[in-house]
Visitor: 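Before I ask anything, let me first share the structure, which is written out below as structure tokens.
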Amino acid sequence: PDPSMTSPDDGCMLSVAVKAWSPDAPPDYLAVDLTVTNRQLYYVSEAAIPHGIAHERYKSGIILMRRIPASGVTFRMGSVTGESDRDAEAEIPHYVTLTNDYYMAIYETTIKQHYNISGVLQCSYRNCNIWTNSAFSANHFDLAGPSNLRGTGEGCSWPTNHAVDAESVIGRLHSIVGDDRFDLPTEAQWEFAARAGSSAPFGREGVSLDDVAWTFLNTPAPVNGGYWHPTCEVGLKMANGLGLYDMLGNAGELCLDAFAAGERYSDGGAVVDPRGPVFTNRTVVVRGGDVRCGDYRYSLSRCRTAARAGTACDTGKTAFGSGYRLIRFIGPMPGPFINENGEE
């Protein structure tokens with residue numbers, strides 16, 4: 001109570017201070033409500049988040065996001081000699097500078113969150129009616145189908161711009177929230193957030209893969225028979241240094257960038273805000289591995305911050321085992337982009 005503000009009835013009143021946040025320097029946490037249109041709420045700290053970040057609401061009707069402090073930061077992307085199980089050709093070390101902060105979802109998108117965005121109760125390894133907090137995993141999920149993430153029209157324009165089709169999953173999210181700054185992360189944005197300032201292969205010093213990831217070796221057997229192990233509830237393993245959960249294992253995470261098989265992912269030179277090659281075969285980058293890591297066909301080496309893979313997303317094909325984690329740009333959307341020849 002402010003002693004200077006009194007009332008004849010109760011003797012005091014509560015004073016409230018209102019702070020205006022700059023669009024370029026918002027608070028550390030953002031809650032995106034999927035059940036109410038045009039509602040985004042900011043929180044200055046983890047302690048200020050109602051009911052705590054582990055509450056079920058942040059795994060169903062609300063996407064909770066953490067600000068990633070990337071503006072002007074240069075980090076080493078890729079793996080270096082001596083890292084166990086590294087792929088020397090696919091993980092060439094090089095320095096990357098990111099020019100802007102961004103928000104990233106604390107959890108992988110869950111089955112229930114995907115339903116609240118798309119209106120489609122779509123899942124693979126779990127009973128959709130029971131495991132709504134499990135990571136959405138894209139068995140039967142087609143980037144070029146009617147329930148695709150970005151769309152097959154404007155949504156195929158990356159890396160030229162961030163446009164998406166209105167009827168796509170992310171297009172629907174833009175409509176719900178009234179904000180077009182949401183998208184998948186670029187591969188560089190994903191790795192920067194996964195590393196959280198650490199050069200360790202699992203995104204945190206002194207941890208084992210089992211501490212931070214659901215893999216084939218520590219997930220329950222399929223409930224109704226079959227071979228593939230199920231994705232698990234998000235947020236049960238240890239978070240990385242930025243408070244992000246399940247960056248490794250559980251569901252693989254699709255990125256914006258195209259995956260060009262047979263092409264070098266870097267020549268080792270320093271780059272700024274890389275955004276990958278032009279799409280030619282509708283194969284996209286998937287990072288972090290998934291619950292199949294440790295199966296006889298899928299090595300545990302896929303569950304590392306530097307590990308890279310591609311997944312085919314043509315019409316009629318599926319991004320098997322892959323889910324997604326959203327980001328929201330801070331400030332205006334970047335673009336139009338200029339290529340190395342100075343042309344749009």
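Computed from a predicted structure; not experimentally measured.
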Visitor: Do Trp214 and Asp246 pass the side chain to side chain contact (heavy atoms under 4.5 Å, CB included) test, and can you show the C-alpha distance, the side-chain angles, and the key distance before you say yes or no?
Guide: CA-CA 8 Å; Trp214 292 112; Asp246 301 292; 3.6 Å; yes
Visitor: Side-chain contact test, heavy atoms from C-beta onward, threshold under 4.5 Å: evaluate it for Leu184 versus Ile170 and give yes or no.
Guide: yes
Visitor: Any donor-acceptor pair under 3.5 Å linking the side chain of Arg150 with the backbone of Gly155?
Guide: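 Indeed, once roles are kept as given, a pair shorter than 3.5 Å links the two residues.
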Visitor: How long is the gap from CG on Asp183 to CG on Leu256, to the nearest 0.5 Å?
Guide: 4.5 Å
Visitor: Start with the C-alpha gap between Val212 and Asn240, add the side-chain angles, then the distance that decides, and say whether side chain to side chain contact (heavy atoms under 4.5 Å, CB included) holds.
Guide: CA-CA 8 Å; Val212 298; Asn240 74 359; over 6 Å; no
Visitor: So, using side chain to side chain donor-acceptor pair (under 3.5 Å) as the criterion, who are the partners of Arg57 when residues are at least two apart?
Guide: His51
Visitor: Is Val96 reachable from Val272 through a run of hydrophobic residues whose side-chain heavy atoms are each under 4.5 Å from the next?
Guide: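 No, separate clusters.
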Visitor: If you compare all heavy atoms of Trp190 against all heavy atoms of Thr305, which two are closest, and at what distance to 0.1 Å?
Guide: CZ3-O, 3.6 Å
Visitor: A side-chain contact here means heavy atoms from C-beta on lying under 4.5 Å apart; do Ile68 and Leu242 qualify?
Guide: yes
Visitor: First locate atom CG of Leu217, then atom CG of Leu209, and finally report the distance between them rounded to the nearest 0.5 Å.
Guide: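 Here the interatomic distance stands at 8.5 Å.
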Visitor: For Val80, is there any backbone N or O sitting under 3.5 Å from a side-chain donor or acceptor partner on Arg86?
Guide: yes
Visitor: Flag the pair Ile63 / Gln113 as yes when at least one side-chain heavy-atom distance between them is below 4.5 Å, and no otherwise.
Guide: yes
Visitor: Is the backbone N or O of Arg275 less than 3.5 Å from a side-chain atom of Thr186, with the two atoms forming a donor-acceptor pair by type?
Guide: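 Flag not set: sc Thr186 to bb Arg275 has no pair under 3.5 Å.
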Visitor: For Asn250 and Cys232, indicate whether the former's side chain and the latter's backbone hold a donor-acceptor pair under 3.5 Å.
Guide: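 The answer is yes, because a donor-acceptor pair under 3.5 Å joins these two groups.
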Visitor: Using the side-chain contact (heavy atoms from CB on, under 4.5 Å) rule, pick out the option among Val285, Val286, Thr311, Val284 that qualifies with Phe259.
Guide: Val285
Visitor: Is it the case that one hydrophobic cluster holds both Val164 and Val278, taking links as side-chain heavy atoms less than 4.5 Å apart, direct or via other members?
Guide: no
Visitor: If you compare all heavy atoms of Arg304 against all heavy atoms of Ser79, which two are closest, and at what distance to 0.1 Å?
Guide: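 Closest heavy-atom pair between Arg304 and Ser79: NH1-CB, 4.4 Å.
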Visitor: What pair of heavy atoms forms the shortest contact from Gly151 to Ser168, and how long is it?
Guide: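 Residues Gly151 and Ser168, closest heavy atoms: N-CB, 3.5 Å.
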Visitor: Donor-acceptor check, side chain of Ser60 to backbone of Lys112, threshold 3.5 angstrom: yes or no?
Guide: no
Visitor: Quick one: are Pro50 and Tyr58 in side-chain contact, heavy atoms under 4.5 Å?
Guide: yes
Visitor: Taking side chain as C-beta onward, heavy atoms only, is Ser266 less than 4.5 Å from Glu91?
Guide: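 The answer is no; the side chains never approach within 4.5 Å.
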Visitor: Which atoms form the tightest heavy-atom contact between Ala70 and Phe192, and what is the distance?
Guide: CB-CE2, 3.6 Å
Visitor: For the side chain of Asp180 and the backbone of His174, is there at least one donor-acceptor N/O pair under 3.5 Å apart?
Guide: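 No; judged by distance alone, with no hydrogens or angles, the pair does not exist.
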Visitor: What closest approach, in Å, do Tyr324 and Val169 show between heavy atoms, and which atom pair accounts for it?
Guide: OH-CG1, 3.7 Å
Visitor: Does the side chain of Asp28 come within less than 4.5 Å of Pro69's, by heavy atoms?
Guide: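 Not in contact.
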Visitor: Between Asp165 and Glu167, is there a donor-acceptor pair closer than 3.5 Å when you use the side chain of the first and the backbone of the second?
Guide: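 Looks like no, no N/O pair under 3.5 Å.
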Visitor: What heavy-atom pair brings Arg195 and Ala200 nearest, and what distance separates the two atoms?
Guide: NH1-O, 4.0 Å
Visitor: Tell me every residue that passes side-chain contact (heavy atoms from CB on, under 4.5 Å) with Asp33, counting only those two or more places apart in sequence or in another chain.
Guide: Thr35, Val36, Arg39, Ile62
Visitor: Starting at NE2 of His162, measure out to CZ of Arg181 and round the result to the nearest 0.5 Å.
Guide: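 CZ of Arg181 is found 12.5 Å from NE2 of His162.
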Visitor: First locate atom CG of Leu248, then atom CG of Leu300, and finally report the distance between them rounded to the nearest 0.5 Å.
Guide: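 Interatomic distance, Leu248 CG to Leu300 CG, rounded to 0.5 Å: 11.0 Å.
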Visitor: Judged by atom type as modelled, is there a donor-acceptor pair below 3.5 Å linking the side chain of Glu191 to the main-chain atoms of Gly78?
Guide: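 Side chain of Glu191 to backbone of Gly78: a pair is present.
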Visitor: May I have the step-by-step check of salt bridge (charged side-chain N to carboxylate O under 4.0 Å, His left out) for Glu253 and Arg325, ending in yes or no?
Guide: CA-CA 6 Å; Glu253 299 185 12; Arg325 184 188 305 258; 2.7 Å; yes
Visitor: State the CD1-CD1 distance between Ile106 and Ile49, to the nearest 0.5 angstrom.
Guide: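 One gets 5.5 Å once the value is rounded to the nearest 0.5 Å.
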Visitor: Taking 4.0 angstrom as the limit, do Asp179 and Arg328 come out as a salt bridge?
Guide: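 Salt bridge flag = yes for Arg328 with Asp179.
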Visitor: Going only through I, L, V, M, F, W and Y residues with side-chain contacts under 4.5 Å, is there a path from Tyr245 to Met238?
Guide: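 Result: yes, single cluster for both.
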Visitor: Are the side chain of Asn218 and the backbone of Ala213 linked by a donor-acceptor contact shorter than 3.5 Å?
Guide: yes
Visitor: Report yes or no: does Arg204 contribute a side-chain atom to a donor-acceptor pair with the main-chain N or O of Ala239 at less than 3.5 Å?
Guide: yes
Visitor: Quick one: CD1 on Ile327 to OH on Tyr103, what's the gap to the nearest 0.5 Å?
Guide: 13.0 Å
Visitor: Decide yes or no for Phe329 and Asn100: does some side-chain heavy atom of the first lie under 4.5 Å from some side-chain heavy atom of the second?
Guide: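 Side chain of Phe329 against side chain of Asn100, heavy atoms only: no contact under 4.5 Å found.
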Visitor: Please determine whether side chain to side chain contact (heavy atoms under 4.5 Å, CB included) holds for the pair Asp87 and Tyr265, giving the CA-CA distance in whole Å, both sets of side-chain angles, and the decisive distance to 0.1 Å.
Guide: CA-CA 12 Å; Asp87 183 334; Tyr265 123 97; over 6 Å; no
Visitor: Quick one: does Arg308's side chain get under 4.5 Å of Arg287's, heavy atoms only?
Guide: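 Yes - at least one pair of side-chain heavy atoms lies under 4.5 Å apart.
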Visitor: Determine, stepwise, if the pair Asp267 / Ile92 fulfils side chain to side chain contact (heavy atoms under 4.5 Å, CB included).
Guide: CA-CA 7 Å; Asp267 61 5; Ile92 298 170; over 6 Å; no
